[in-house]
Amino acid sequence: MHSDTNRQDMHSHLLPGLDDGAKDMNDSLSLIRQLRELGYTRLITTPHIMSGVWYNDADTILPALDAVRAETERAGIDVELDAAAEYLVDDYFESLLEDKTPLLTINSKYVLVEFPFLALPVTYRSVFFNMKMAGYEPILAHPERYTYLHGQLDFYHELQEAGVMLQVNLLSLHGYYGTRVQKMATQLVNAGLVQFTGTDAHHQRHLDALSRSLPDASVLTKLGDAVIKNEGL
Ligand SMILES: [Fe+2]
């Protein structure tokens, strides 16, 4: 059952200074404290890895995770914190797969990826295939936010058949990104294509919106217990 006091999140940007999320340690602690107050007891945070923009890997992410864990403990925030990453599907990501570089995973097998916001990567089929062949379970972040795929439920059925899971942003369902994104998110949910939800929390505006919309939990109820895998993480 969904509980208002035992939420789990698997998509956010809470480590200080690594991407366009938390700016510094104070910012990290503030966002994490507010998420805890919203009922999140486990947060798997996912810094961007985006060639040319955010150069992250285990060497930047894991020490930052250790530092934030130590500070949350010192601050008395009772939350379980882990880190993976949100990989942009780009040439760099393909080179990681080709080189068999171990990827940062959620629960040792799920890998969160995102598409560019401007155009579908032409190689997406082989990328997902290669991920599966390497033993990973791909999760596509916020499918509702790619405007070039709006209305294309067939595309997402195809992904599901290829073994790709989908994660919608809670704020999309609540209309934060506009009505078209909200509509696509709802269509994906109603089609049974959604396995995970995420806060995708980057900054205070996201927290403000989450704290306005999350307590009503109606969207989560609509999603249904069966399709949401967050709680198994
Ligand atoms: Fe994200």
Side-chain angles (χ1 to χ4, degrees), residues 7-23 27-28 30-32 34-35 38 40 42-58 60-61 64-65 68 81-90 92-93 96 103-107 110-121 124 127 131 136-149 156 159 164-178 181-182 184-185 188 194-210 213-214 228-230 233:
R7 293 189 165 112
Q8 314 214 0
D9 189 45
M10 43 66 79
H11 184 170
S12 64
H13 302 270
L14 304 173
L15 299 183
L18 293 191
D19 59 10
D20 54 347
K23 290 187 193 63
D27 203 13
S28 294
S30 166
L31 297 171
I32 291 167
Q34 292 173 78
L35 285 163
L38 287 173
Y40 284 97
R42 178 154 155 79
L43 299 169
I44 303 162
T45 193
T46 49
H48 284 292
I49 297 182
M50 191 182 284
S51 175
V53 186
W54 307 112
Y55 288 103
N56 285 309
D57 58 17
T60 63
I61 292 171
L65 171 65
V68 173
L81 208 58
D82 274 305
E86 180 181 15
Y87 293 92
L88 179 70
V89 175
D90 61 7
Y92 175 69
F93 183 62
L96 294 180
L103 301 178
L104 289 151
T105 56
I106 296 165
N107 270 19
Y110 300 112
V111 174
L112 186 67
V113 300
E114 66 174 336
F115 286 162
F117 283 115
L118 289 178
L120 182 66
Y124 77 90
V127 167
M131 289 176 74
Y136 297 115
E137 298 290 345
I139 302 174
L140 180 64
H142 38 61
E144 72 281 4
R145 296 194 61 201
Y146 309 115
T147 52
Y148 53 83
L149 291 168
Y156 289 112
L159 284 195
V164 178
M165 290 180 283
L166 302 181
Q167 172 262 306
V168 295
N169 284 4
L170 289 168
L171 288 174
S172 295
L173 292 162
H174 288 291
Y176 178 89
Y177 306 96
V181 170
Q182 183 177 27
M184 186 62 182
L188 288 164
V194 175
Q195 286 79 36
F196 294 92
T197 60
T199 64
D200 203 1
H202 284 68
H203 44 62
Q204 189 57 43
R205 292 189 303 284
H206 287 154
L207 261 297
D208 291 343
L210 281 165
S213 58
L214 210 50
I228 298 302
K229 292 182 185 283
N230 288 47
L233 293 174

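Both backbone and side-chain heavy atoms feed into the values below; hydrogens, waters and symmetry mates do not. Keep in mind that this is a model prediction, so the values were computed, not measured. Just so you know, ligand 1 is whichever comes first in the structure, and atom 1 is the first atom listed for that ligand.
For the Fe ion (ligand 1), the set of nearby N, O or S atoms under 2.8 Å includes one belonging to Asp200. Here His48 fails the criterion, with no N, O or S atom under 2.8 Å of the Fe ion (ligand 1). When distances to the Fe ion (ligand 1) are checked against a cut-off of 2.8 Å, His202 contributes no N, O or S atom below that limit.
Side chain of Asn169 to backbone of Leu171: no donor-acceptor contact under 3.5 angstrom is found.
The Fe ion (ligand 1) sits nearest to atom OE1 when only the N, O or S atoms of Glu86 are considered.
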### Task
Carefully, step by step, assess Glu114 and His11 under the rule side chain to side chain donor-acceptor pair (under 3.5 Å).
CA-CA 11 Å; Glu114 66 174 336; His11 184 170; over 6 Å; no
### Query
Between Asp200 and His206, is a side-chain contact (heavy atoms from CB on, under 4.5 Å) present by the stated rule, with each step listed?
CA-CA 8 Å; Asp200 203 1; His206 287 154; 5.8 Å; no
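Aromatic ring orientation, Phe196 versus Tyr110: perpendicular (interplanar angle above 60°, classes split at 30° and 60°).
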